[in-house]
Structures are given as structure tokens and as C-alpha cells.
Chemist: 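Before I ask anything, here is the structure I am working with.
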Amino acid sequence: MQQKIQQLKSFIWYWLKAENKHSLHPPFVFALYTSVFQNQSQPYCFKEIKKAKRKFQKSQQEVQITDLGAGSSVANSATRKVSQIASSGITRAKYSQLLYKLCRFINAQHVVELGTSIGINTLYLSYACENGSITTYEGAPELAKIAEKLFEEHQIKNVRTVIGNIDETLKSNLPKSVDLAFFDANHKATPTLTYFHTLLAHAHEDSCFIFDDIHWSAEMERAWEEIKNHPSVSLSIDIFQFGIILFKKGIKKQHYILQY
């Protein structure tokens, strides 16, 4: 209950502070907002992914969850139905589609995803960088199997799944350069910050890091504050569900809270 109250307070704060494009002055930020956040296009692959998600939502298959993170806000059992995960345990479609559009906007070729789950976000990222590669990490073997079956059904060839505790598997499986990274594996401050610093060594000026559930808890909000204030970060964007950081040089360090 305390966590729910904290999240409600954070959302009210976000709602009062969020700005739109009229508050954006730097050309790059304005282009990012209009080309990505206001982009209403619906590529054909979105329909295919929605079909896959609806299929999962009807599945009565049960899976054993190896949860090494902060847990779920909707289920405490170690065994969950795939339908429950697909309906309330993964990213909402509008945010998954934002991942796709961000990936396309920066022309990402080397993508890292921490937290594969059943593979829906991975599909969006895979279609977004058709000529690139996705390295996705999942701590729960049964979830990884479901995701890999999904990739096979969609004839996805550019995804490599790393199964196991991310604390142990992350460093040895990272590409030399990371264009885009999506952090959705552990909603606790210390692991999030550890993963951030690990991937930071592989980032470059045009990299983009996206953090899910930055207002999940007070400790995640503290982690987000530390991340956005890191000296390497030139631009940070809070859209409540996601926290997005970029490392562009030549841009005055700025933090935005944007409507989405």
C-alpha cells in the first residue's frame, strides 16, 4: 500500500510538471520530441506484435518465475500464468512502440535489453534495427524459452538471448559498443546503478539508455536522480513510465519532464 501511495504522489507531481513541445528550444530536443514522442505512425510489424500479445493473453500456460529483482506489483506467486504476465506484467503498447521509434530515430545497430520476459519488447526492438543485433538478458529460464519460441515463430534472426543471473552474465556478453539499452530487469536501486555503470563503459555520444519504472519506488527515484545527474549525461527525459538519457555533446545539460 505504501508503494502505491508513493507512486500516486509521483504521478501527480509528474502531471503537474510535464511540458509539451512548446517548451522545447534546443533543435535536437525539439526534433526528438516531434519525430518520436508525437509520431503516430503504426508500422505493419506493430499489428503482428499485437497479435502475438493477444495470443499470450489467452494462454493458460503456467511458468515458474525466477525473480531476482524487486518483484511484481500484481503477483507475488513464483508460478504465474502467461496470460497474467501478458496482460499486466509487461510494458504497455504505447511505451513498447516508443522503444521502436527511439531505436529508429537514433539508427541503433547494437541494442541491449535487460529483462526479456516473454519477448514482446524484444520483438519491437528487433524489427526496429533489422540490420543490427539485439542482446537480451533474462534471469528466468522458463520465460526465456517462451521468448525464444516467439522469436522463432516470427523468424527473428538478430536476437541473442543470454539466460541467467544478469549480475553474473552482463559483462561477458556485452557488445563492444551499445547504441541503445533498455533497463527492465531489476527495479532496485543498487543493481540498476551497477548495470548503468557497466553499460556506460560501452556507450558513445549517440547512445540512448531507457530505464523502465523510474517511479516504481522511492529507491528507484533516487537511482534515477543519480543517473540523470551523472557527468556523462547531457540530456534526460522523464515521461513517468520511462527515464531516457542521452550523451550528446554540444548540448547544455538539461532535464525535461515531458507529456506522453
Side-chain angles (χ1 to χ4, degrees), residues 14 17-39 95 97-114 121 124-126 128-137 158 170-171 173-185 189 191-215 220-260:
Y14 164 79
K17 296 284 187 179
E19 302 173 300
N20 58 29
K21 67 179 182 181
H22 300 295
S23 304
L24 307 178
H25 301 295
F28 174 80
V29 181
F30 185 83
L32 173 67
Y33 189 70
T34 54
S35 300
V36 176
F37 294 95
Q38 289 193 317
N39 183 349
Y95 295 102
Q97 291 170 12
L98 183 66
L99 290 176
Y100 173 97
K101 291 168 184 176
L102 278 167
C103 192
R104 299 283 285 190
F105 180 77
I106 67 168
N107 192 29
Q109 296 300 303
H110 303 287
V111 176
V112 171
E113 178 190 35
L114 306 186
N121 282 333
Y124 278 104
L125 292 168
S126 173
C129 71
E130 296 173 305
N131 298 318
S133 62
I134 317 290
T135 304
T136 184
Y137 295 76
N158 61 345
L170 183 57
K171 284 186 177 181
N173 290 283
L174 283 175
K176 291 182 179 180
S177 177
V178 175
D179 301 324
L180 183 144
F182 180 49
F183 298 72
D184 187 26
T192 298
L193 290 168
T194 299
Y195 302 157
F196 165 63
H197 287 289
T198 299
L199 268 75
L200 189 60
H202 298 257
H204 53 81
E205 180 184 354
D206 296 317
S207 296
C208 175
F209 287 4
I210 304 119
F211 298 84
D212 188 40
D213 277 327
I214 57 171
H215 296 287
M220 274 301 290
E221 289 185 335
R222 289 195 297 270
W224 170 239
E225 286 296 314
E226 184 171 332
I227 289 166
K228 75 180 188 182
N229 289 314
H230 191 278
S232 297
V233 175
S234 59
L235 175 66
S236 59
I237 300 171
D238 179 346
I239 56 170
F240 192 75
Q241 180 68 36
F242 287 171
I244 302 163
I245 62 169
L246 295 104
F247 307 91
K248 279 280 184 185
K249 294 180 181 178
I251 295 179
K252 182 181 178 182
K253 191 176 182 72
Q254 187 69 48
H255 174 63
Y256 292 96
I257 302 169
L258 297 182
Q259 295 173 2
Y260 184 64

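Heavy-atom basis, side chains included; hydrogens, waters and symmetry copies ignored.
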Chemist: Looking only at non-hydrogen atoms, find the nearest pair between Asn39 and Lys101 and report the distance.
Modeler: O-NZ, 2.6 Å

Chemist: Take the angle between the ring planes of His215 and Phe240 and call it parallel below 30°, perpendicular above 60°, tilted in between.
Modeler: parallel

Chemist: Rounded to the nearest 0.5 Å, what separation is found between the CD1 atom of Ile210 and the CG atom of Leu125?
Modeler: 7.5 Å

Chemist: Do Tyr256 and Leu235 have side-chain heavy atoms sitting under 4.5 Å apart?
Modeler: yes

Chemist: Using a 4.5 Å cut-off on heavy atoms from C-beta on, say whether the side chain of Leu32 contacts that of Leu246.
Modeler: yes

Chemist: Closest heavy-atom contact between Val233 and Ile227?
Modeler: CG2-O, 3.4 Å

Chemist: Just how far is it from atom CD1 of Ile237 to atom CG of Leu102, taken to the nearest 0.5 Å?
Modeler: 8.0 Å

Chemist: Does Asp179 use its side chain to pair, donor to acceptor, with the backbone of Ile106 at less than 3.5 Å?
Modeler: no

Chemist: Output yes when a side-chain donor or acceptor of Ser234 lies under 3.5 Å from a complementary backbone atom of Lys248, and no otherwise.
Modeler: yes

Chemist: Let me confirm one number: the NZ-CD1 distance from Lys228 to Ile214, rounded to the nearest 0.5 Å.
Modeler: 8.0 Å

Chemist: I'd like to know whether the aromatic ring centres of Phe247 and Phe209 sit less than 6.0 Å apart in this structure.
Modeler: yes

Chemist: To the nearest 0.5 Å, tell me how far Thr192 OG1 sits from Trp224 CH2.
Modeler: 12.0 Å

Chemist: Look up atom CD1 in Ile245 and atom OG in Ser236, then write down how far apart they are to the nearest 0.5 Å.
Modeler: 8.0 Å

Chemist: Of all heavy-atom pairs between Pro175 and Val112, which one has the smallest distance, and what is that distance?
Modeler: CD-CG2, 3.8 Å

Chemist: Can you give me the closest heavy-atom contact between His202 and Lys176, atom names plus distance?
Modeler: ND1-O, 3.2 Å

Chemist: Quick one: closest heavy-atom pair of Gln241 and Asp212, and the distance?
Modeler: NE2-OD1, 2.7 Å

Chemist: So, the side chain of Tyr137 versus the backbone of Leu170: is there a donor-acceptor pair under 3.5 Å, distance only?
Modeler: yes

Chemist: Are there over 12 heavy-atom neighbours, none belonging to Lys171, within less than 6.0 Å of that residue's NZ?
Modeler: no

Chemist: How about Phe196 and Phe183: are their ring centres within less than 6.0 Å of each other?
Modeler: no

Chemist: How many angstroms lie between OG in Ser177 and CG in Asp206, if you round to the nearest 0.5 Å?
Modeler: 9.5 Å

Chemist: Could you tell me whether the side chain of Val29 reaches within less than 4.5 Å of the side chain of Gln254, counting heavy atoms only?
Modeler: no

Chemist: How close do Glu113 and Asn121 get, heavy atom to heavy atom, and via which atoms?
Modeler: OE2-CB, 3.4 Å

